J.: 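Pasting a structure below so you can have a look.
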Amino acid sequence: MKLTFTFLFILGLIFQGCGKAQTEPEPESQNTLTGKIEIRDGWVREGKSGMMSAAYFTIYNGTTKSDTLWSISSEDISDDIQIHESYKTEDGLMGMRPVGAVPTPSGQSVELKPGGIHIMIIQPYRDLSDGDSIEFEFNFSSGDTLIMLPVQKNQ
């Protein structure tokens, strides 16, 4: 009986260790309301003039109110920049379609990434090369934000 209890106790400890892993808490700066919208970890995919490229980043809404990203523009690179999302068709193929806006809840982050919501840069005026920087205007409900994003090789 004592051996069975000891065995079950040790087995329980082993299974407890196999449970859901604890995640590291986010840095305090990500959980603290900063009073502004922040664009974090942004980058633009390399691309050729006249073809397509994409931009990716995380929006952090550090304000007390929800906001919405309605559009992005850049006189620096293209007159046709769209918010898109990737999706899987009924046939199991991947597709892309325009998205009207990106809601950004108060105190939360929204990631625009490959395979999800992202920014399409249609027919850039020039080549986008690793090391370049592109100026974008983010059009939020609360007002516009200018930001520079670096061009990087595909990640």
Side-chain angles (χ1 to χ4, degrees), residues 16-155:
Q16 183 179 6
C18 294
K20 187 175 180 180
Q22 294 290 325
T23 57
E24 291 289 320
E26 291 187 42
E28 188 173 322
S29 66
Q30 290 183 351
N31 293 328
T32 302
L33 294 180
T34 60
K36 60 184 177 180
I37 299 285
E38 297 175 31
I39 306 300
R40 298 177 173 168
D41 304 320
W43 64 284
V44 177
R45 185 181 304 274
E46 282 186 314
K48 295 288 184 189
S49 173
M51 303 301 280
M52 289 198 195
S53 184
Y56 311 102
F57 48 86
T58 299
I59 303 168
Y60 174 68
N61 183 351
T63 70
T64 58
K65 296 182 180 180
S66 293
D67 208 334
T68 302
L69 175 64
W70 289 104
S71 64
I72 295 179
S73 59
S74 176
E75 293 178 7
D76 192 26
I77 198 64
S78 176
D79 59 359
D80 192 2
I81 298 176
Q82 303 172 9
I83 304 170
H84 277 207
E85 70 177 337
S86 299
Y87 69 98
K88 191 177 267 189
T89 66
E90 292 177 10
D91 299 335
L93 302 174
M94 293 302 294
M96 279 191 295
R97 60 184 166 215
V99 174
V102 179
T104 56
S106 172
Q108 296 185 28
S109 295
V110 178
E111 185 177 9
L112 282 76
K113 61 185 179 181
I117 296 175
H118 57 279
I119 303 304
M120 287 300 303
I121 303 168
I122 314 295
Q123 298 182 331
Y125 306 136
R126 60 180 171 83
D127 289 351
L128 304 174
S129 301
D130 188 25
D132 290 348
S133 290
I134 310 298
E135 184 176 62
F136 290 94
E137 183 175 349
F138 287 67
N139 303 300
F140 286 95
S141 297
S142 60
D144 298 340
T145 301
L146 290 176
I147 189 152
M148 297 292 286
L149 295 180
V151 176
Q152 298 178 359
K153 292 182 180 180
N154 296 342
Q155 295 185 350

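Computed from a predicted model, the values in this text were never measured in an experiment. We use all heavy atoms of the structure for the numbers below, so side chains are in, but hydrogens, waters and symmetry mates are not.
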J.: Of the non-hydrogen atoms in Glu135 and Ser74, which two are nearest, and what is the gap between them?
T.: O-OG, 2.6 Å
J.: Considering residues at least two apart in sequence or located in another chain, which fulfil the salt bridge (charged side-chain N to carboxylate O under 4.0 Å, His left out) criterion with Asp132?
T.: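 Partners of Asp132 by the salt bridge (charged side-chain N to carboxylate O under 4.0 Å, His left out) criterion, ordered by chain and then number, come out as Arg126.
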J.: Closest approach of Gly42 and Pro150, non-hydrogen atoms and distance?
T.: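 Of all heavy-atom pairs spanning Gly42 and Pro150, the closest is O-CD, 3.3 Å.
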J.: Please report the closest heavy-atom contact between Ser106 and Leu33, naming both atoms and the distance.
T.: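 Closest approach of Ser106 to Leu33, heavy atoms only: OG-CD2, 4.3 Å.
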J.: Is it the case that the side chains of Ser71 and Asn139 hold a donor-acceptor pair, with the cut-off being a distance below 3.5 Å and no angle test?
T.: yes
J.: To the nearest 0.5 Å, tell me how far Gln123 CD sits from Ile77 CD1.
T.: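 Answer rounded to 0.5 Å: 12.0 Å.
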J.: Show your working on side chain to side chain contact (heavy atoms under 4.5 Å, CB included) between Thr58 and Val110 and close with a plain yes or no.
T.: CA-CA 6 Å; Thr58 299; Val110 178; over 6 Å; no
J.: To the nearest 0.5 Å, what is the distance between CG (Asp144) and CD1 (Ile37)?
T.: 12.5 Å
J.: Look only at the side chain of Gln152 and the backbone of Asp130, and say whether a donor-acceptor pair between them is shorter than 3.5 Å.
T.: no
J.: With distance as the sole criterion, is a donor-acceptor pair present between the side chains of Thr63 and Asn61 under 3.5 Å?
T.: yes
J.: Working to the nearest 0.5 angstrom, can you tell me the gap between Glu38 CD and Ile147 CD1?
T.: 9.5 Å
J.: If you count the non-hydrogen atoms of other residues, nucleotides and ligands that lie under 6.0 Å from CE in Met120, is the total more than 12?
T.: yes
J.: Tell me the ring-ring contact (aromatic ring centres under 6.0 Å, His included) pairs involving residues 88-141, sequence neighbours left out?
T.: Phe57-Phe138
J.: Can you check whether Ile122's main-chain N or O pairs, donor with acceptor, with Asp80's side chain at less than 3.5 Å?
T.: no
J.: Please determine whether side chain to side chain contact (heavy atoms under 4.5 Å, CB included) holds for the pair Ser142 and Lys65, giving the CA-CA distance in whole Å, both sets of side-chain angles, and the decisive distance to 0.1 Å.
T.: CA-CA 9 Å; Ser142 60; Lys65 296 182 180 180; over 6 Å; no
J.: Taking atom types as modelled and ignoring hydrogens, do the side chains of Gln108 and Thr104 form a donor-acceptor contact shorter than 3.5 angstrom?
T.: no
J.: If I compare all heavy atoms of Tyr60 with all of Arg40, which pair ends up nearest, and what's the gap?
T.: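 Closest approach of Tyr60 to Arg40: CD2-NH2, 3.5 Å.
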J.: Measure the OG1-CD1 distance between Thr145 and Ile72 for me, rounded to the nearest 0.5 Å.
T.: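 These two atoms lie 10.5 Å from each other.
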J.: What are the two closest heavy atoms between Pro124 and Ile121, and how far apart are they?
T.: CD-O, 4.0 Å
J.: Assess whether atom CE of Met51 is packed by more than 12 heavy atoms of other residues, nucleotides or ligands within 6.0 Å.
T.: no
J.: Is there a side-chain contact between Ile83 and Pro98 in this structure, where contact means two heavy atoms from C-beta onward sitting under 4.5 Å apart?
T.: no
J.: So, taking the atom named OG in Ser129 and the one named NZ in Lys153, what distance separates them when rounded to the nearest 0.5 Å?
T.: 10.0 Å
J.: Which heavy atom of Ser66 sits nearest a heavy atom of Pro105, and at what distance?
T.: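 Scanning both residues completely, I find the closest heavy atoms to be OG-CA, 3.6 Å.
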J.: Please collect all side chain to side chain donor-acceptor pair (under 3.5 Å) contacts where either partner lies in residues 87-103, sequence neighbours excluded, each pair once.
T.: Glu85-Arg97
J.: Is the closest side-chain heavy-atom distance between Ser53 and Glu46 below 4.5 Å?
T.: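 Side-chain contact under 4.5 Å: no.
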J.: Does any non-hydrogen side-chain atom of Leu112 lie less than 4.5 Å from one of Ile119?
T.: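 The answer is yes; the side chains approach within 4.5 Å.
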